[in-house]
Amino acid sequence: QVPAGYPADYQKIIDGAKKEGKLVIYGATDSKATQPLIKDFNALYPGITVEYNDMNSTEVYNRFISEAAAGGNTADALWSSAMDLQMRLASDGYALQYKSVEVSKIPGWAVWDDKAYGTTFEPAAIVYNKRLVDAKEVPQNHADFAKLIQQPKFKDKVTTYDIEKSGVGFMFMTQDARENPKFVDLENAFGVAKVRVQSSTGTMMERISSGENLIGYNVLGSYALVRAKADPSIGVVLPKDYTLIMSRVIFINKAAKNVNAAKLWMDYMLSHRGQTIIANDSKLFAIRQDVTGETTSAELIKQIGKDNVKPVPVHPMVLQFLGPAKRMAFLKQWKETAGKK
Amino acid sequence: MNTLTLPSTGRRGINWPRGVVVALAAIAIFLPLLLIFYQSFLNAPFFMPVKEFGFDAYRFIFDDPDFAVAFKNAFWLAAGLAVIAVPLGGMLAFLMIRTDLPGKGFIAPLLLVPIFVSPMVMGFGYVVSMGPVGFYSLWFKEILGFIPWNIYSFTSIVIIAGLTHVPHVYLYASSALKSLGSDVEEAARVAGASPLQVMFNVSLPMITPALAYAAVLVFFLGFEVFGLVLVLGDPEGHMVLATYLYKLTNKLGTPSYHLMAAVAVCLVMVTMPLVMVQRHLLKSANKFVSIKGKGARSKAMPLGRWKWLAFALIFGWLMFTIIMPMSGIVLRSFVQYWGEGVNLRDVLTLQHFREILEQPALIRGIVNTVLIGVIGGGLAVICYCAIALAMHRKPDFITRFLDYSVLVPRAVPGLLAGLSFLWVFLFVPSWMDGMLKGMDNGVALWLSEHAIPLLRSVRSTIFALWLAYSVVWLAYGMRLISTALLQVGPELEEAARAVGASRGQVTRDVTVPLIKYGLLGAWLMVFLIFEREYSTGVYLLSPGTEVIGAMLVSLWATGSTDLVAALSFINISLVAIGLGVALRFGVKLHN
Amino acid sequence: MTNELTVNELHLDYGSGASANPILKGVSMHLQKGEVVALLGPSGSGKTTLLRAVAGLESPKAGTIAIGDRNVYDGAKGFEMAAEHRNLGLVFQSYALWPHKTVFDNVAYGLKLRKLGASEIKDKVADVLKNLGLGHLAERYPHQLSGGQQQRVAIARALVYNPPVILLDEPLSNLDAKLREEARAFLRELIVRLGLSALMVTHDQAEAMAISDRILLLNNGKIEQQGTPQSMYETPETLFTAEFMGSNNRLPAKVMRRDGAQVTLDINGATLQATARGAGGAEPSTIIRVEEVKISATPADNAIELPLLTCMYLGDRFECLFKSESGAETTLRAYSKYRLESGRYWLQLPADKLWVF
Amino acid sequence: MTNELTVNELHLDYGSGASANPILKGVSMHLQKGEVVALLGPSGSGKTTLLRAVAGLESPKAGTIAIGDRNVYDGAKGFEMAAEHRNLGLVFQSYALWPHKTVFDNVAYGLKLRKLGASEIKDKVADVLKNLGLGHLAERYPHQLSGGQQQRVAIARALVYNPPVILLDEPLSNLDAKLREEARAFLRELIVRLGLSALMVTHDQAEAMAISDRILLLNNGKIEQQGTPQSMYETPETLFTAEFMGSNNRLPAKVMRRDGAQVTLDINGATLQATARGAGGAEPSTIIRVEEVKISATPADNAIELPLLTCMYLGDRFECLFKSESGAETTLRAYSKYRLESGRYWLQLPADKLWVF
Ligand SMILES: Nc1ncnc2c1ncn2[C@@H]1O[C@H](COP(=O)(O)OP(=O)(O)OP(=O)(O)O)[C@@H](O)[C@H]1O
Ligand SMILES: Nc1ncnc2c1ncn2[C@@H]1O[C@H](COP(=O)(O)OP(=O)(O)OP(=O)(O)O)[C@@H](O)[C@H]1O
Ligand SMILES: [Mg+2]
Ligand SMILES: [Mg+2]
């Protein structure tokens, strides 16, 4: 049962995967979001047990390189939101080169060298407390945001990622520095507001919801929207001038034991069927434009305009800032202007 | 009549069981530490083909101003924690064990709460209840017009850490007090000392050894405090060594093991002298503290007019360290959202519990946690018991060596300890494999065919997790058991030897049955600790072996604070029920 | 003379409710100024408990305790003074010295609590230590002292603040047999010299007799008899007292005739005269002190004839055991200055010392 | 007769290296079959240590120990047999009964270790328990027994496998004064009846004399003197032995003339004849046993005249204290059957009992 439109020799991969009967994935996406995907994958290809290891992105990295070096059992595929760490592994030669059958449906920036593929399209959003922030005050773009948070009301009540601790936060902020011509203003505004930094999305949103903080910057939109559904205190805006987009990167371990199953999984994730689940059940924003729904790239682009969407490319260039010297310089500058206490 | 002689065994000389126990313990303790030590002198992960030997890592961290800040903070945190927890723990023990304090019955089990609730959850509870918009804070704001505290300040963190570690000290102090004859205290009372004076002039000075041990232990735990600082330290950017390690990962883009290892080595180096100081204290203190006394007889000391003051103080402590944060957690688990301007009655929900029940992984996590606590805890107690017996009444080099060793693993932050255990499970088999490849005798072949795959597969079982937990908490568990062992009169064992029992038989037939209740108590305590532990296990978890501690962290990271609260609530309730049952069936809290 | 200590109808239970275990069952006693009273009794009779109740370390159920004219416990009013306010001196059997304090600090502690000036404390402590022959040991720690020295430190500690009454719980029982004899003479002399009133617990009747002006014999939570050592030893009112106060021979005698205090007995066929003592129970018991039995090689008055079994050497005398070959088993112990040759002897049992209870 | 136990030149230190503290300094002794030997000495003299070394619970430094003809320790060869293989019976001062086993199990344990059949064990245990009068207590736990019963269980446990030698460490010291006297007679009788060889530690010379065939007096890690109770008491060779074995008066005497064993003394102006004993040191000491002093109201031979200070009642006799008013302080204790009236008395000190060391 080769899916429609796949080449005929795809059956070989399916047969191989069936024989392997197992697939090990290390992922940084929580299992609640992954569960529907696995269920559907199993429905499509019964007989392949998917062993999904839920950890944080640093753990994915640490565990994988240690295991790879020891030559023991390790993951067949790695799927993580830490684009930089994923690209580092991929460009260090841990990734298998495999041209997905779905590659044509994925934007070019989301595929690198047929090794690493972006799977989601998650915006960096501004999140605010609906009870305590007036609808009129809600900023619609970066300049407004910078202006707003300098008001006394927001002193000590603005939050964002601690970019020294959070990889995602760091990545967004460096992209901001490139995309935003007035980044220095933004940094200064943070300094005026005495921004409170957090190491995870969860703490940020909890504090915004409770009113301890009023507004949060660069919060991962996918999580924020899910939360906003259940929590009427949470409001989410995507900045109209430009919105940064992050994509969860998947690649197959070059030394994978269950390489066929891994290929099958990757193709499935990028397929229309998989992307629909990602969008509608996992709420992680489908990257494929042919998937429709609330949490899809198509919908996002419709809202903000094609030109204002600024995806972080799945490309070793995200590693630019991984060079220790550059990284330290950026952190130092950030701390001196925005993070000063 | 003829003398009945023993069946001759002829075996004499080396004490094999002891040798095996000591060797295994030494391997379990030092193998991971050696890896860390080795790693700290490289400039890349030790398993990478390209690496250089050198002091880069040390140079880097010593140049890094953050390290200095983190180190200073960690030191103050640990010192402050000890300064708060040790006297309070000692006083609490005195009040609980020796006096007619009202409400002892319900205070005793409550005291255990901070031991089994993960500090991260605790911190979160404080945020919900006493944070800037916490409900106690808002309440105070209504009355006073301002909030009289700032839960995020470093001082608050130190105070909270100190107060939540009071029970650890309490455990040691109370078992020391129990084995101390009360006649010395009565002598002081008859001489005219009030209960307060008795406590400060007699009881506490006499249990100095136990307090010194507890002080060193909580100092170690102070260096290791992570969850609390993670939750409460972020908003104002307070950093300690454990969170600095976390930061290091991101600082250079990729995790930098050599830096983490260097930090860990620094920690071990700092704590080593401390262990020595404590050993010295113990030695000189032991000299003149004679724990004898007729024991049994003691009437609770009447506190008189101090009674209600003492009760109020303890109640205040319970309020602050248990009731306030716990009520925060409970509340959070039953509401959709909360905060300034929210009427809690409108947002009550059971949704979070429903969600948890829907997730098989979470349920499995609960089951696993209970299992690792109950079964793993039991096994750990057996191992601790074996080690304690290896040290029992053998004042020789090996005992001293073990005595120093057991504390060392606790000096390494849990996360790194977990990582080094992962390395052990990964690389030891592959090195052995490499070595065996060179030889081709039968034994080597058999080993590489059977033993090595076994070693490899161990890693992904819950055994790996258990081993890591057991080693990290070795000092804690050992002390519980050796206190029990101390109470076994040597002549009971000597009597058995005199009638012809070998060492092994003495241990089996006399020593172990006599510390039965001590072991049960230790089991309970180890259960509680394993229940909350997570950082050590992060790298050793795999699907099917998840535990609540780790799940809480990952839920926290993805923003499901509601689930964190609900899961904690379930976990705390389960443990509380289990505790209740255990206590009902006569397990003593401590010997 | 005034009573320094008065105990009235004291009742004390261990445990409460259904599991209550009565230990003291109505004990009354008093201690006069300058008097040394020994609390004597078998193990478990409640001696320590009574002492501790007086000190305030146990809570009685009913009765009263007064020290001088201060009421310190009154069961009816539910009043109980805390131990630290009773101002008594207490010496524990285990000494209970504070191991972390020097001898000086051990002794000085009670004075410090009474807020005396440093120089005054120094003088007083030096004084009492000198008095007890411990002057040169002030800087030592308890573990550096011998048992006898420790005991004296414990006494010094209890004396230093001049309590009206000093309570001692088997103060000598931790000492060597040899030391004990010296210590009891020393203790008696000290108490008398300092004019103290003392209540001392012991289970050794020889010690009690040697040291005290008056003995209270406790039996199972009640006072069995009290009086001077001599009256207790020589005119016991009960069998229990008679047996407890000395070494006795118990004889399987049949009462043949009673005539007031005069009793005629049949022992192993011999007819003897004896004296009735006490209230007289259903089953009369006949006893005589070992030292009252006189050994005679020739027939004697009021005597029974028995063969010698063995002689035990006691140093200053021999303890000889006589045992009948058959019939009701009669054994008799008697002291002799010399080792006796085996054979049959007449054991004379003076009628006024052969007691029937 | 064969030696059941032989100890030769045993040396033992506590600690090692610089901090080594010699406890036994060359002790030699033996124990013959069927003999009861008491190890007597003041506290800290090393009695327990010697016993424990024999049992194999302490490691000596040099010397030899043999049980029967098995060498169990040989310092020269570095051989040391483990305690469990020595096959001795050991009774601890604290009894050391295993609280988690019943009386039966406590006693049976040694047999179980010797792999006897269940029924055989049952018989043997029942037998020994009956022998010790514990038959009905087999199912009790130690804490349900009285002190005396516990002591007998401890003995039963040590006897049940018929060890060639049984070692007892102050087996009676935990008992009440009253009970102790009975127990020592029982113990002696039991050992003799079962034909055991026993080595028993005690610090009470009266107990040692009453119970043993031979006494070893230990002083500071060395054997001071050994012999039968009578020879130890009556012909001590050293001052230490003389003082330890009985109650003595020590007199401030000046030696005026020595003539072989005959010594002429000057005590407070009076001239007395005395006997020299032992090796004779630089500073002669003069002692006499309390019971050898004879009180006379009229002038007597070889006597000194002293005023009576006080009489202490001891029950069966009085202990009277005489003290000179002035000059060299002379105090003398003597026994009297009756309370003496105050006044001056002549205290007769028989020349053969007045010893000069
Ligand atoms: N804490 C307690 N709980 C219950 N019963 C007790 C307690 N302490 C003592 N007893 C009991 O009280 C009784 C009296 O004890 P107490 O110590 O007063 O006796 P004693 O005359 O001092 O004996 P000894 O000579 O052995 O010291 C004993 O039967 C003892 O078992
Ligand atoms: N474990 C030890 N370490 C160092 N010295 C010890 C130890 N045990 C005993 N000693 C010392 O050894 C000496 C002899 O002790 P031992 O117990 O043999 O005396 P003892 O004659 O049995 O006295 P007692 O009559 O008090 O039981 C004492 O001075 C004691 O202080
Ligand atoms: Mg008592
Ligand atoms: Mg001893």
Side-chain angles (χ1 to χ4, degrees), chain B residues 90 98-100 105 176-177 179-212 281-307 309-310, chain C residues 12 14 23 48-49 51-60 80-102 105-115 140-145 150 153-154 157-161 163 165-167 169-170 174:
Chain B
R98 288 295 204 235
T99 67
D100 62 347
L177 266 183
S179 58
L180 179 73
S182 55
D183 51 356
V184 281
E185 287 164 356
E186 289 173 343
R189 290 192 56 218
V190 174
S194 67
L196 212 64
Q197 288 166 320
V198 172
M199 174 169 78
F200 285 121
N201 298 336
V202 177
S203 308
L204 295 187
M206 282 190 68
I207 56 164
T208 316
L211 289 180
L281 265 180
L282 281 187
K283 227 189 282 164
S284 55
N286 267 342
K287 231 179 246 166
F288 58 86
V289 172
S290 60
I291 295 182
K292 47 171 187 191
K294 290 210 277 187
R297 161 111 52 160
S298 69
K299 201 193 94 183
M301 198 177 291
L303 283 170
R305 63 208 162 93
W306 298 103
K307 189 156 154 181
L309 179 68
Chain C
L12 191 147
Y14 274 126
I23 305 294
T48 302
T49 309
L51 202 77
R52 289 169 56 86
V54 170
L57 298 173
E58 301 284 351
S59 296
E80 188 177 351
M81 187 183 275
E84 58 267 33
H85 298 128
R86 298 200 180 181
N87 210 13
L88 294 168
L90 178 54
V91 179
F92 288 80
Q93 180 174 3
S94 58
Y95 309 149
L97 298 180
W98 300 305
H100 59 293
K101 293 185 194 264
T102 60
D105 290 335
N106 261 284
V107 177
Y109 186 61
L111 297 177
K112 280 196 191 127
L113 290 173
R114 284 167 178 75
K115 307 247 182 300
R140 296 236 191 132
Y141 282 93
H143 74 275
Q144 298 167 321
L145 302 180
Q150 288 185 23
V153 175
R157 187 175 69 179
L159 288 184
V160 73
Y161 45 88
V165 176
I166 163 165
L167 310 170
D169 190 2
E170 315 213 4
N174 268 358

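Just so it is clear, the values below take in all heavy atoms, side chains as well, and ignore hydrogens, waters and symmetry mates.
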Nearest heavy atoms of [X] and [Y], plus distance in Å:
X         : Y         : value
Arg189(B) : Leu57(C)  : NH1-CD2, 3.9 Å
Ala187(B) : Trp98(C)  : C-CZ2, 3.8 Å
Tyr161(C) : Ala191(B) : OH-CA, 3.4 Å

Reported CD-to-CD distance for the pair Glu58(C) and Glu186(B), which is rounded to 0.5 angstrom: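 One gets 7.5 Å once the value is rounded to the nearest 0.5 Å.
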Look at Glu80(C), Arg114(C), Glu84(C) and state which one has the largest set of heavy-atom pairs under 4.5 Å with chain B.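 Max contact count across the listed options: Glu84(C).
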Close side-chain approach of Asn201(B) to Lys101(C), heavy-atom, < 4.5 Å: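 They are in contact (side-chain heavy atoms under 4.5 Å apart), so the answer is yes.
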Side chains of Gln197(B) and Leu113(C) in contact at under 4.5 Å (non-hydrogen atoms):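 They are in contact (side-chain heavy atoms under 4.5 Å apart), so the answer is yes.
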Side chain, backbone, both or neither: which part of Leu111(C) has an atom under 4.5 Å from a heavy atom of chain B?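 Neither part, no heavy atoms under 4.5 Å.
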